[in-house]
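Presented below is the structure to which this report refers.
In what follows, chains are A, B, ... by sequence order, proteins preceding strands, each numbered from 1. Remember, predicted model here, so these are calculated numbers, not experimental data.
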Amino acid sequence: MSGQDGIVDAPWISAAQARNAEHIGREIEVRGWVRTRRDSKGGFSFVELNDGSCFGNLQIIAESSLPNYQADIHNLSAGSSIVARGIVQASQGGGQATELLAKQIRVLGIADPQDYPLQKKRHTLEKLREWAHLRPRTNTFGALTRVRNRLSQSVHQFFQEQGFYYINTPIITASDCEGAGQMFRVTTLPLDHLPLEKGKVDFSKDFFGKSSYLTVSGQLEAEIYATALGRVYTFGPTFRAENSNTSRHLAEFWMIEPEAAFFDLQDNMLLAEKFIKRLLRDLLDSCGEDMAFFEERIQPGVIASLRQVMEKPFEHLTYSDAIEILNSSGEKFEYPHAWGCDLQAEHERYLTEKHVRGPLVLYNYPKSIKPFYMRCNDDGRTVAAMDVLVPNVGEIIGGSQREERLDVLLSRLNEMQLQAEDYWWYIELRKFGTVPHSGFGLGFERVVQWVTGLGNIRDCIPFPRTPGSAEF
RNA sequence: UCCUCUGUAGCUCAGUUGGGAGAGCAGGCGGCUGUUAACCGCCGGGUCGUAGGUUCGAGUCCUACCGGAGGAGCCA
């Protein structure tokens, strides 16, 4: 969107560029939305414009000699859209390097302050959720959007540099055997007139000839590609129909799932750590203004804590050691933490927030509490699983080395009373040229929540989908 | 799904043992010779979430439902 790239009319530049002192003296044009207007005692106005290009606003000086000053400019209010042309000059006031002395201001659309919900003052995040069509115009969601974008870019850059191929796994899946929780059914059957067969719905009449659902994970399909091309990753939407009402759950969220052939659990854990550190480094390097806002207004201390994470190696603990630490912690827990039980939120919180005070990689979980595809360890009672936990948010990564031994996989399916036929293609990957391989899933919004310090995951995605809520 | 809290003006909230609704901000008008979230004055604005019930009388008490928040479970 700059004037130099040849895409748009030469004088049009971004507010981010216009705020830079190197443009002083140039005649330029900016296009965006008014954040606020202040009238000077001298009979002219300061109009602050934001076009999304950066956190800060461009201050525009609108003198009363402009032909439409009284009619338009003097009444400009937050949310109005304008095109302003003028000369960039050094700012006479503090707080910004430059300002635009307007030669012309064209008002494209006014936002009537009587009706426009966003005020100059602070709104609660809960209220802004009701205005998801307007909240990107606020400082918080502008910053959030740029942070999300930067993280997305880093995801691709990191995996591309590490030799991973970006693949697209299906959104619609025709098997209900993924076992990762409640799924949303996809159907074209008439719900008021379902075809029945012996009293049950006849899904052979459905669009795909069988039951189909929205995906809860692209992992199994990613394994197909990993065992052909070596290293792959997905970055796509994921759907969970669980009725969970918390600040950490969404019914629709974005997940990144790398899968790598010839990676064992150690390689997998190292990959996860390098990946997270890369995300943090890029974020802190290139989203300074936005992160400074989160630091100042959302969670003081967040930047320092992220820096610390970047500099130190992650702590690693086996599940068994974690249980030992909980046992000898002297801490009072509401839930028990015996070996073989899944760790409760309070346990994870103790481990990350009090014991290690930073990210923690837990691995080698009891096989009884983990899915069939995780690789069985030699001790006969644990699997090569690993989770990455971080303070405040909890689990952001769950992964494992996958069971590559055909006989072991078959007996695990049998143990868990799953039908081998349902997994015929998954099993064939082990029949034909099987290799050790590993992967993990990282919840994108959880990372956003962690790095911004936002308390509720519903504010970490543009349009949150939660039980009872799919507005916009 | 469970537990707890909550729903009063555009926004944030106050409203005392049930007696007829208030403040700040925002907005409108006016004033103020460069300002950078709340300079001064005046003005307008509310079926007190919805539906029942108790009572002479309900924002206030009771019941149900709906929305929101925090925590739990499930998970990423």
List the atom pairs, with distances to 0.1 Å, where a side-chain N or O of residues 95-104 of chain A and a protein N or O form a donor-acceptor pair under 3.5 Å, not counting sequence neighbours.
unit_1	atom_1	unit_2	atom_2	d
Gln96(A)	NE2	Ser91(A)	OG	2.9
Gln96(A)	NE2	Gly94(A)	O	3.0
Thr98(A)	OG1	Ala18(A)	O	2.6
Glu99(A)	OE1	Gln59(A)	NE2	3.1
Glu99(A)	OE1	Ser91(A)	OG	3.0
Glu99(A)	OE2	Gln89(A)	NE2	3.1
Lys103(A)	NZ	Glu27(A)	OE1	3.0

* Structure fact -> By side-chain hydrogen bond (donor to acceptor under 3.5 Å, both in side chains), Asn456(A) pairs with (sequence neighbours left out) none
* Asked: How does protein contact run along nucleotides 37-43 of chain B, one letter per nucleotide 5' to 3', with B for base contact, S for sugar-phosphate only, - for none, heavy atoms under 4.0 Å?
  -> B------
* To do: State which residues pass ring-ring contact (aromatic ring centres under 6.0 Å, His included) with Phe44(A); sequence neighbours excluded, sorted by chain then number.
  => Phe46(A)
* To do: Check if the side chain of Gln92(A) and the base of U35(B) share a donor-acceptor pair of N or O atoms closer than 3.5 Å.
  => no
* Roughly how far apart, to the nearest Å, are G7(B) and U12(B) at atom C1'? -> 14 Å
* Of all residues at least two apart in sequence or in a different chain, which pass the ring-ring contact (aromatic ring centres under 6.0 Å, His included) check with His156(A)? -> Tyr166(A), Tyr233(A), Phe235(A)
* To do: Could you label the plane-to-plane angle of the Phe55(A) and Phe293(A) rings as parallel, tilted or perpendicular, counting under 30° as parallel and over 60° as perpendicular?
  => tilted
* To do: Kindly say whether, by distance alone, the side chain of Glu130(A) makes a donor-acceptor pair under 3.5 Å with the base of G68(B)?
  => no
* To do: Could you label the plane-to-plane angle of the Phe333(A) and Tyr350(A) rings as parallel, tilted or perpendicular, counting under 30° as parallel and over 60° as perpendicular?
  => perpendicular
* Structure fact -> By nearest-nucleotide position on RNA chain B, the 5'-leaning member of Glu99(A) and His123(A) is His123(A)
* Parallel, tilted or perpendicular: which describes the rings of Phe472(A) and Phe463(A), with under 30° parallel and over 60° perpendicular? -> tilted
* To do: Check the pair Glu445(A) / Arg148(A) against salt bridge (charged side-chain N to carboxylate O under 4.0 Å, His left out), numbers first and verdict last.
  => CA-CA 9 Å; Glu445(A) 285 72 21; Arg148(A) 249 188 99 101; 3.0 Å; yes
* Within residues 245-254 of chain A: residues closer than 4.0 Å to RNA chain B (heavy atoms) -> Asn245(A), Thr246(A), Ser247(A), Arg248(A), His249(A), Leu250(A), Phe253(A)
